[in-house]
2 protein chains.
Amino acid sequence: MARKTGSHADITGPAIKASALRLFARSGYAAVSMREIAGDVGVRAGALYLYTPDKQTLLFDLLREHMEHLLASWTAAKSGATPLERLETFVHFHVDYHFDRSDEVFLSYMELRNLSPDNFGRIEVMRRRYEAELEAILCDGDASGAFHLPDLRVTTRAMIAMLNGVLTWYREDGHLSRDSIRKMHWQMARGMVQA
Amino acid sequence: MARKTGSHADITGPAIKASALRLFARSGYAAVSMREIAGDVGVRAGALYLYTPDKQTLLFDLLREHMEHLLASWTAAKSGATPLERLETFVHFHVDYHFDRSDEVFLSYMELRNLSPDNFGRIEVMRRRYEAELEAILCDGDASGAFHLPDLRVTTRAMIAMLNGVLTWYREDGHLSRDSIRKMHWQMARGMVQA
DNA sequence: GTCTATATCCGGATAGAC
DNA sequence: GTCTATCCGGATATAGAC
């Protein structure tokens with residue numbers, strides 16, 4: 001935590017994002033001040049403005065980078081021949097991602113309201129693109145007779161909501177293993193589509 | 001909106017709660033000022049303090065009254081002989097309640113973090129009591145062999161999360177009727193428990 | 001690259017007039 | 001019961017020294 005003068009851009013920049021992510025996730029964007037973020041990083045508030053033009057952009061960048069990473073990770077992970085296999089891959093991927101990046105995911109659906117209209121629109125496009133990935137799987141499964149869905153869009157949203165639920169209660173130190181939680185959610189997801 | 005002097009306690013009191021509820025739900029507790037609430041009601045900020053000791057208590061009272069009403073409504077509505085019937089009653093009740101009181105429900109799970117520790121504890125007790133109602137139904141169904149659950153608590157939470165999903169996308173003017181949404185969620189819930 | 005100092009504004013809450 | 005006026009703290013963001 002040496003605060004000597006000199007160049008620390010490569011350290012301070014990421015540190016600001018990490019602190020902001022953690023604090024926003026814990027207390028909410030509106031409740032966290034720039035001073036608090038700076039204090040967590042170990043600099044003064046004014047120094048933050050070397051790395052972000054303002055607080056709003058700081059939030060937006062966190063959400064944008066999260067969504068980009070989510071989409072890229074899914075593109076790399078997607079696999080399976082049948083709709084059932086593809087759905088299983090999606091469920092496992094989604095739950096795992098929530099385990100590994102819970103702060104990012106939590107932020108991305110709690111703080112949408114604090115984005116400016118323009119920024120909200122940009123994030124929303126990416127969120128829909130992710131949703132469309134699941135929707136495509138369900139659509140194919142419904143068409144092939146593997147699934148039996150009451151409504152494509154409603155089922156898509158309900159399944160995302162169900163899977164997101166782990167965010168609100170999962171703790172690392174709980175008595176359930178990650179693998180068992182993954183398996184349970186897969187079983188419930190399969191039930192939801194009547195596979 | 002006549003602002004004559006005189007006694008308006010019976011009007012202003014509820015009006016403040018209604019405005020606060022709507023504004024908190026729309027923009028978030030931390031982002032809404034007392035002046036903004038007062039402006040929405042049609043009074044000055046100072047007048048709010050005739051009805052609430054502070055902003056925190058205003059939020060707490062909204063959540064407490066919501067939880068009390070939710071629990072009372074469910075107590076009045078619960079019925080059914082078999083676990084399957086009871087579960088259907090619960091799902092229909094829960095979805096209907098979300099339709100009718102979306103602001104209250106939304107607030108109750110978005111603003112928990114902005115409660116003081118004491119107030120949070122009080123709300124959490126009521127939230128758990130509601131969750132326990134569903135858990136009891138699932139427990140009985142699992143014991144009787146009507147349901148097949150991977151884990152009682154995980155299924156309870158996942159089902160609540162799934163049902164809460166309607167909050168994030170349902171709009172009155174959508175193309176889906178309330179009844180069709182209710183039926184679809186019942187079908188998915190039934191699938192989740194393998195009934 | 002960071003700090004100190006500050007401009008500017010807005011927040012919650014209170015006192016006293018009407 | 002409400003308003004006006006105000007206290008006081010804290011917010012974002014900027015300017016200039018080091």
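So that the names make sense, note that chain A is the first sequence line, chain B the second, and so on, each numbered from 1. Everything numeric here is computed off the predicted structure, so don't read it as measured data.
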### Query
Any side-chain N or O of A:Thr12 under 4.0 Å from OP1/OP2 of C:dG1?
no
### Query
Can you check whether B:Leu62's main-chain N or O pairs, donor with acceptor, with B:Glu104's side chain at less than 3.5 Å?
no
### Summary
Of the candidates D:dT12, C:dT2, D:dT2, the side chain of A:Tyr49 sits closest to D:dT12
### Task
Round to a whole Å and report the spacing from NZ of B:Lys55 to C1' of D:dG10.
14 Å
### Task
Verify the contact: side-chain N or O of A:Ser33 to OP1 or OP2 of D:dA11, cut-off strictly under 4.0 Å; return yes or no.
yes
### Summary
Here the distance between atom C1' of C:dT2 and atom CD1 of A:Ile16, to the nearest Å, is 11 Å
### Task
Using distance alone, with no hydrogens and no angle criterion, decide if B:His69 and B:Tyr97 have a side-chain donor and acceptor under 3.5 Å apart.
yes
### Query
If you check the B:Tyr51 side chain, which of C:dG12, D:dT2, D:dT4 turns out closest?
D:dT2
### Message
In this structure, how many angstroms lie between the P atom of D:dA13 and the CG atom of A:Leu58, rounded?
### Response
10 Å
### Summary
A:Asp10 CG to C:dT2 P, in whole Å, measures 10 Å
### Message
In this structure, how many angstroms lie between the P atom of C:dG11 and the CG atom of B:Asp54, rounded?
### Response
17 Å
### Message
I need the CG-C1' distance between B:Leu48 and C:dA13, as an integer number of Å.
### Response
11 Å
### Query
Does A:Lys55 make a cation-pi contact with A:Tyr29 (under 6.0 Å, within 45 degrees of the axis)?
yes
### Task
Using distance alone, with no hydrogens and no angle criterion, decide if B:His148 and B:Asp142 have a side-chain donor and acceptor under 3.5 Å apart.
no
### Query
Atom CG of A:Leu59 and atom P of D:dT12: how far apart are they, to the nearest Å?
13 Å
### Task
Can you tell me the distance, in whole Å, between the CZ atom of A:Arg35 and the C1' atom of C:dT4?
12 Å
